[in-house]
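Reviewing the structure listed below.
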Amino acid sequence: MASIYSKYRKTINLPHLSGSALKVIAIISMVVDHCAYYLMENNTLLYEVMRCFGRITFPVFAFLIAEGFRYTRNRMKYFLQLLGFGVVSEVPWYLLNGADGTHNVMFTLALGVVALVAFEKLKKDGTLCCCVILLIALIATWSGVDYEWRGVLVIVIFYLLETNRASLPFGRMAQLLCAFPLMMHYGAWGALLACLILSLYNGTRGFINGFIAKYGVYVFYPLHLLGLWFATINS
């Protein structure tokens, strides 16, 4: 299979993206999406294009959460990091959105990790495992976290349908095909773009290492929300 993939790749010269590249793309698309949502009129073509590009963000972050969970040495610490930054991010989220009953996406990602832990602990009992994961998804909807139950299930799908580098790009297709119906709820074109980008992932960490790799995205999230709030009050 590896030799077939190598020949296929040489034939059409497929590009490849590392985990670091995925993070950069997700951050850029997130900023573009939020700039459109919070700073622009919503009845323009530019607004629609920017929001479409922004739909890349969550599927990529959901995929990276599943990858991170697979390789982390301390899953409790991984969960607590997401939960902690969710609490910190709630302040600028509230400043931007007010008391609308919603909560920031870090909580969604943290609940996704809880669902993955539940799967690992309960996978021998399929019925109980499914019920617990669905309960966690319902909690996501009830609590009003961003992307609600769909966000949790996308993370679970990306984790369950694990692939390996030798089977790329075709091995990734099962993940994307199963997650696509959930992702397209927030925009079909954005979901297609996200699938295209994720299909190019090559399974490597990439150029971001150390402290920035661990905490860079987490720190950037509340900071960019705070920046957007300042922009809204000064516009």
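- Distance check, rounded to the nearest 0.5 Å: CE of Met30 to SG of Cys35 gives 10.0 Å.
- Put simply, Leu111 and Leu134 are part of two different groups of oily side chains (I, L, V, M, F, W, Y) that touch within less than 4.5 Å, one to the next.
- A pairwise comparison of heavy atoms in Ser89 and Leu225 identifies O-CD1, 4.1 Å as the closest pair.
- In the hydrophobic cluster analysis, where Ile, Leu, Val, Met, Phe, Trp and Tyr join through side-chain heavy atoms closer than 4.5 angstrom, Ile136 is grouped together with Leu128.
- In this pair, His224 and Phe220 present their aromatic rings parallel. The plane angle is below 30°, not in the 30 to 60° band.
- In this structure the side chain of Trp189 reaches within 4.5 angstrom of the side chain of Cys52, judged on heavy atoms.
- At least one side-chain heavy atom of Ile157 sits under 4.5 Å from a side-chain heavy atom of Leu182.
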Original post:
Does the side-chain contact (heavy atoms from CB on, under 4.5 Å) test come out yes or no for Val49 and Phe53, once each step is laid out?
Top reply: CA-CA 6 Å; Val49 171; Phe53 179 70; 5.6 Å; no
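- For the atom pair CD1 (Ile197) and OG (Ser29), the distance works out to 7.0 Å, reported to the nearest 0.5 Å.
- Nearest heavy atom pair, residue Ala62 against residue Val154, reads CB-CG1, 3.8 Å.
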**OP:** Under the side-chain contact (heavy atoms from CB on, under 4.5 Å) rule, what do Val145 and Asn104 come out as? Steps first, then yes or no, please.
**Re:** CA-CA 6 Å; Val145 299; Asn104 71 82; over 6 Å; no
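- The CD1 atom of Ile65 sits 4.5 Å away from the CG atom of Leu109 when rounded to the nearest 0.5 Å.
- Val219 is connected to Phe79 through a chain of hydrophobic side-chain contacts under 4.5 Å among Ile, Leu, Val, Met, Phe, Trp and Tyr, so both are in one cluster.
- Screening Trp149, Phe61, Phe58 against Thr108 for a side-chain contact (heavy atoms from CB on, under 4.5 Å) leaves a single residue, Phe58.
- Cation-pi geometry between Arg75 and Phe69 is satisfied (NZ or CZ under 6.0 Å from the ring centre, within 45° of the ring normal).
- In this structure the side chain of Tyr147 never reaches within 4.5 angstrom of the side chain of His185, judged on heavy atoms.
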**OP:** Just do the side-chain contact (heavy atoms from CB on, under 4.5 Å) check on Asp146 and Thr102 with the steps written out, would you?
**Re:** CA-CA 7 Å; Asp146 214 7; Thr102 65; over 6 Å; no
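- Annotation: side chain of Ile133 is not in contact with side chain of Leu122 (no heavy-atom distance under 4.5 Å).
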Original post:
Does the pair Tyr201 and Phe63 meet the rule for a ring pair (Phe, Tyr, Trp, His ring centres under 6.0 Å), with working shown?
Top reply: CA-CA 10 Å; Tyr201 175 59; Phe63 178 83; 5.1 Å; yes
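- A distance of 10.5 Å separates OH in Tyr94 from CD in Glu90, rounded to the nearest 0.5 Å.
- Residues Leu80 and Met106 fall within the same hydrophobic cluster, defined by Ile, Leu, Val, Met, Phe, Trp and Tyr side chains chained together at heavy-atom separations under 4.5 Å.
- Ring to ring, Tyr37 and Tyr47 are not that close: their centroids are 6.0 angstrom or more apart.
- Checked options Glu120, Glu67, Gln175; the residue passing with Tyr159 is Glu120 (criterion: side-chain hydrogen bond (donor to acceptor under 3.5 Å, both in side chains)).
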**OP:** Could you walk me through whether Val60 and Leu198 pass side-chain contact (heavy atoms from CB on, under 4.5 Å), step by step?
**Re:** CA-CA 7 Å; Val60 174; Leu198 291 174; 4.2 Å; yes
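- For the residue pair Asn202 and Ser18, the shortest heavy atom distance occurs at OD1-CA, 3.5 Å.
- In this structure the side chain of Asp33 reaches within 4.5 angstrom of the side chain of Arg55, judged on heavy atoms.
- The side-chain heavy atoms of Tyr221 and Val88, taken from C-beta on, include no pair separated by under 4.5 Å.
- In plain terms, the two heavy atoms of Cys195 and Leu176 that are nearest each other are O-CD1, 3.3 Å.
- Proximity of Val91 to Pro222: side-chain heavy atoms (C-beta onward) are nowhere separated by under 4.5 Å.
- Side-chain contact between Leu135 and Cys131 is absent, with no heavy-atom pair separated by less than 4.5 Å.
- Separation of atoms CE (Met50) and CG (Leu45) is listed at 11.5 Å; rounding is to 0.5 Å.
- Note on Met183 and Leu177: separate hydrophobic clusters, where clusters join Ile, Leu, Val, Met, Phe, Trp and Tyr whose side-chain heavy atoms are under 4.5 Å apart, directly or indirectly.
- More than 12 heavy-atom neighbours from other residues, nucleotides or ligands sit within 6.0 angstrom of CZ on Phe180.
- Taking CD1 of Ile56 as the reference point, atom CD1 of Ile28 lies at 10.0 Å (rounded to 0.5 Å).
- The shortest heavy-atom contact between Val156 and Ala115 is CG2-CB, 3.8 Å.
- In plain terms, the two heavy atoms of Thr232 and Leu96 that are nearest each other are CG2-CD2, 4.2 Å.
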